[in-house]
There are 2 protein chains.
Amino acid sequence: MHAALQHEPLTRSGEDYLKAIYRLSPAGRTASTSEIAHRLELSPASVSGMVKRLSEQGLLEHVPYKGVQLTADGRRAALRMLRRHRLIEAYLVAFLGYTWDTVHEEAERLEHAVSDKLVERMAAVLGNPAVDPHGDPIPTPEGDIHEPASIPLSEVPAGARVEIRRVEEGQPERLRYIASVGLRPGVHIRVLDRQPFQGPITIEVAGRTHVIGNELGQVVRCASEQE
Amino acid sequence: MHAALQHEPLTRSGEDYLKAIYRLSPAGRTASTSEIAHRLELSPASVSGMVKRLSEQGLLEHVPYKGVQLTADGRRAALRMLRRHRLIEAYLVAFLGYTWDTVHEEAERLEHAVSDKLVERMAAVLGNPAVDPHGDPIPTPEGDIHEPASIPLSEVPAGARVEIRRVEEGQPERLRYIASVGLRPGVHIRVLDRQPFQGPITIEVAGRTHVIGNELGQVVRCASEQE
DNA sequence: ACTCGGAGTTAGGATTGCCTAAACGTGGGG
DNA sequence: CCCCACGTTTAGGCAATCCTAACTCCGAGT
């Protein structure tokens with residue numbers, strides 16, 4: 001007998017769990033209860049409970065004391081939420097004056113409320129974009145996604161010229177700072193200098209030089225190796 | 001310093017109750033448990049429970065066995081939801097290809113998820129409209145609203161020429177039919193004939209004549225008395 | 001004025017989803 | 001090889017919100 005006859009509709013919480021688990025288990029890795037708990041800011045015990053319910057719905061594979069993986073259905077549901085989230089972000093930035101560093105929270109609420117119809121209308125007026133304002137790829141309605149290759153800015157050697165590809169999510173003030181420096185997907189920069197041992201990085205953006213901490217360099221990702 | 005120091009944030013359910021009660025108690029009328037239950041498709045017992053909780057939060061005045069009224073705070077909260085709902089409808093129709101007869105359901109979900117910031121951005125790009133696609137007035141952010149005078153089409157005498165002002169909410173197929181006839185806010189029509197005793201109404205819309213049932217005539221409201 | 005019948009409320013139960021505290025499993029270090 | 005620490009799960013609670021069933025109130029009609 002195979003997985004899903006019919007899922008009862010996911011709750012808002014369930015959707016958040018699946019998204020979190022998707023993010024935590026790239027390439028078939030297995031996610032642990034406490035990782036999920038940490039990401040969602042819940043207690044591990046709560047996660048155990050919800051994992052059980054989602055497993056019963058055929059969305060997760062759970063090996064007690066070992067870890068959790070998405071089933072095909074679970075992955076589909078997670079990618080559906082990712083598509084919604086990223087299209088909503090793109091829409092808000094394109095049409096309603098949001099900036100890429102402030103749009104996350106709004107999308108986080110809306111993604112649970114929009115209909116498929118609305119999502120696809122937004123996609124249409126946007127021209128079916130491939131990436132969101134952070135540079136993250138937008139899954140197709142069928143659940144296909146491909147992550148463009150990129151490396152953290154913190155691994156780019158001094159002297160290289162690279163294009164910013166993505167800015168990963170993080171604390172709002174951190175994102176605000178990155179935005180204020182002018183780092184955003186599509187921008188070309190040069191790495192002027194770097195201190196050893198995860199020290200600060202000196203970069204040139206639009207003719208100006210900035211020194212940024214290594215942690216920021218790990219959040220900003222660039223076109224992998226160029227020139 | 002006025003009424004409310006702090007309400008704990010309303011839940012989605014609470015917001016729906018306040019909206020329903022607002023709609024049921026025009027001009028200080030009092031709403032009954034069963035009216036609310038009927039409107040929200042819940043059991044009267046459930047309404048009793050929630051009414052108690054909302055009263056404790058200072059949003060309702062409840063006289064047991066008698067009825068319910070909104071407090072100033074409750075009214076403010078209800079009008080806030082109404083503003084959201086109607087602006088969302090207006091936005092979806094103006095920018096995302098929705099039609100006035102299909103937009104309600106989407107707005108019903110989104111109104112609980114959007115931030116004030118997003119609502120005001122939508123209002124701004126719409127040019128701060130006074131009415132939504134159904135012709136219903138949009139409350140201001142401060143909670144002011146004024147209902148433009150209108151009378152049901154079913155009370156317009158034969159021979160009169162009137163402008164459609166509002167189409168009240170109703171079952172989707174009913175709305176769809178009204179839309180298909182071309183009745184919508186702003187349109188001018190003529191009442192050609194009417195049968196007595198709440199019988200059908202014959203109207204001319206954009207050069208074509210239609211016969212509509214009296215129930216539909218009660219849902220469509222017109223500029224009050226013209227010519 | 002009394003009495004029913006219907007409207008309204010209370011009681012008790014289910015579900016979801018969160019928590020803390022206690023019990024339990026697993027694997028690495030002694 | 002055993003045992004303990006840490007991570008995981010279970011147990012037991014709580015709050016919100018719904019339900020059905022049983023009880024209570026009110027007022028309309030005789």
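Everything numeric here is computed off the predicted structure, so don't read it as measured data. In what follows, chains are A, B, ... by sequence order, proteins preceding strands, each numbered from 1.
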Novice: Atom CG of B:Asn128 and atom CE of B:Met122: how far apart are they, to the nearest 0.5 Å?
Specialist: 12.0 Å
Novice: Do A:Arg84 and A:Glu15 sit within salt-bridge range, that is, some charged N less than 4.0 Å from a carboxylate O?
Specialist: no
Novice: What I want to find out is whether A:Arg80 reaches A:Asp116 closely enough, with some N-O distance under 4.0 Å, to be called a salt bridge.
Specialist: yes
Novice: Under 3.5 Å, which donor-acceptor pairs link side chains of residues 85-95 of chain B to any protein atom two or more places apart or in another chain?
Specialist:
unit_1  : atom_1 : unit_2   : atom_2 : d
B:His85 : ND1    : B:Glu111 : OE1    : 2.9
B:His85 : NE2    : B:Glu89  : OE2    : 2.8
B:His85 : NE2    : B:His104 : ND1    : 3.2
B:Arg86 : NH1    : B:Pro137 : O      : 2.6
B:Glu89 : OE1    : B:His134 : ND1    : 2.8
B:Tyr91 : OH     : A:Tyr91  : OH     : 2.7

Novice: Report, one line per pair, each donor and acceptor closer than 3.5 Å where one atom sits in a side chain of residues 169-177 of chain A; sequence neighbours left out.
Specialist:
unit_1   : atom_1 : unit_2   : atom_2 : d
A:Glu169 : OE1    : A:Arg23  : NH2    : 2.7
A:Gln171 : OE1    : A:Arg174 : NE     : 3.3

Novice: Near DNA chain D, under 4.0 Å by heavy atom, which residues of residues 60-69 of chain A?
Specialist: A:His62, A:Pro64, A:Tyr65
Novice: Which residues, if any, of residues 17-30 of chain A bring a heavy atom under 4.0 Å of DNA chain C?
Specialist: A:Tyr17
Novice: Does one side chain, of B:Arg221 or B:Ser150, offer a donor that lies under 3.5 Å from an acceptor on the other?
Specialist: yes
Novice: Tell me every residue that passes salt bridge (Lys or Arg N to Asp or Glu O under 4.0 Å) with B:Glu108, counting only those two or more places apart in sequence or in another chain.
Specialist: B:Lys19
Novice: Indicate yes or no: at least one non-hydrogen side-chain atom of A:Asp101 is less than 4.5 angstrom from one of A:Ile178.
Specialist: no
Novice: Does A:Arg121 reach the main-chain N or O of B:Leu96 with its side chain, forming a donor-acceptor pair under 3.5 Å?
Specialist: yes
Novice: Using chain B heavy atoms and a threshold of under 4.0 Å, write down where along DNA chain C the contacts begin and end, 5' to 3'.
Specialist: C:dG8 to C:dT10
Novice: Checking the side chain of A:Ser25 only, and the main-chain atoms of A:Gly28 only, is there a donor and an acceptor separated by less than 3.5 Å?
Specialist: no
Novice: Look at all strands and tell whether A:Ser13 reaches a base, only sugar-phosphate, or nothing, counting heavy atoms closer than 4.0 Å.
Specialist: sugar-phosphate
Novice: Who are the salt bridge (Lys or Arg N to Asp or Glu O under 4.0 Å) partners of B:Glu147, not counting sequence neighbours?
Specialist: B:Arg166
Novice: Mind running a 4.0 Å heavy-atom check of residues 31-47 of chain A against DNA chain C and sending the residues that fall below it, in number order?
Specialist: A:Leu42, A:Ser43, A:Ala45, A:Ser46
Novice: May I have all residue pairs that pass ring pair (Phe, Tyr, Trp, His ring centres under 6.0 Å) and include part of residues 8-52 of chain A, sequence neighbours excluded?
Specialist: none
Novice: Using a heavy-atom cut-off of 4.0 Å to chain A, what are the terminal contacting nucleotides of DNA chain D, in 5' to 3' order?
Specialist: D:dG7 to D:dT10
Novice: Only counting residues at least two apart or in another chain, list the ones meeting salt bridge (Lys or Arg N to Asp or Glu O under 4.0 Å) with B:Glu120.
Specialist: B:Arg83
Novice: Under the side-chain hydrogen bond (donor to acceptor under 3.5 Å, both in side chains) rule, what pairs show up with a residue in residues 44-71 of chain B, not counting sequence neighbours?
Specialist: B:Ser43-B:Ser46
Novice: Donor-acceptor check, side chain of B:Arg184 to backbone of B:Ala179, threshold 3.5 angstrom: yes or no?
Specialist: no
